[in-house]
Chemist: 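The structure's right below; bear with me while I get my questions together.
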Amino acid sequence: MTYVLIPLLLIFMGLAAYSLVRGIVAFLNTTREGLERGDEGIKDMQLLQNKMMFNRIKYQGLAVAVVAVLLAMAR
């Protein structure tokens, strides 16, 4: 079972890091988009930020759940 859970944990950790980076990049582009495209550009980037940060929280929660299962199996 651990042969399945460890790679799954690594995948969730990678997805959380990827979502974090994409959310930060969207945050940094918000100002530039706002200057170039106006309010519509800001709204699009804010929606992307929210989506990526929600994904990050989701993947972190799944990773924590996998760690809890691994700890429960170790006992």
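Because only heavy atoms are used, hydrogens play no part in the values below, and waters and symmetry mates are left out as well, while side chains stay in. Numbers here simply count residues along the sequence, with the first being 1.
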Chemist: Show me the side-chain donor-acceptor pairs of residues 54-65 shorter than 3.5 Å, one per line, residues at least two apart or across chains.
Modeler:
{"from": "Asn55", "atom 1": "OD1", "to": "Lys58", "atom 2": "NZ", "distance (Å)": "3.4"}
{"from": "Arg56", "atom 1": "NH1", "to": "Gln60", "atom 2": "OE1", "distance (Å)": "3.0"}

Chemist: Tracing side-chain links under 4.5 Å among I, L, V, M, F, W and Y, which residues wind up in one group with Tyr18?
Modeler: none
Chemist: In sequence, state the C-alpha distance, the side-chain angles, and the governing distance for Asp44 and Leu48, and then conclude on side chain to side chain contact (heavy atoms under 4.5 Å, CB included).
Modeler: CA-CA 6 Å; Asp44 292 341; Leu48 181 62; over 6 Å; no
Chemist: Could you check whether any side-chain heavy atom of Leu20 comes within less than 4.5 Å of a side-chain heavy atom of Met53, counting everything from C-beta outward?
Modeler: yes
Chemist: Any link between Val4 and Met13 through a network of hydrophobic side chains (Ile, Leu, Val, Met, Phe, Trp, Tyr) touching at under 4.5 Å?
Modeler: no
Chemist: Can you see which heavy atom on Met45 is nearest to which on Asn29, and at what distance?
Modeler: CE-CB, 4.1 Å
Chemist: Looking only at the side chains, is there a donor atom on one of Gln46 and Thr30 sitting less than 3.5 Å from an acceptor on the other?
Modeler: no
Chemist: Would Ile11 and Leu9 show up in the same hydrophobic cluster when neighbours are defined by side-chain heavy atoms closer than 4.5 Å?
Modeler: yes
Chemist: Cluster question for you: counting only ILVMFWY and a side-chain heavy-atom cut-off of under 4.5 Å, with indirect links fine, are Leu8 and Ile6 together?
Modeler: yes
Chemist: Checking Met73 now: which residues fulfil side-chain contact (heavy atoms from CB on, under 4.5 Å) with it, not counting sequence neighbours?
Modeler: Met1, Thr2, Leu5, Val69
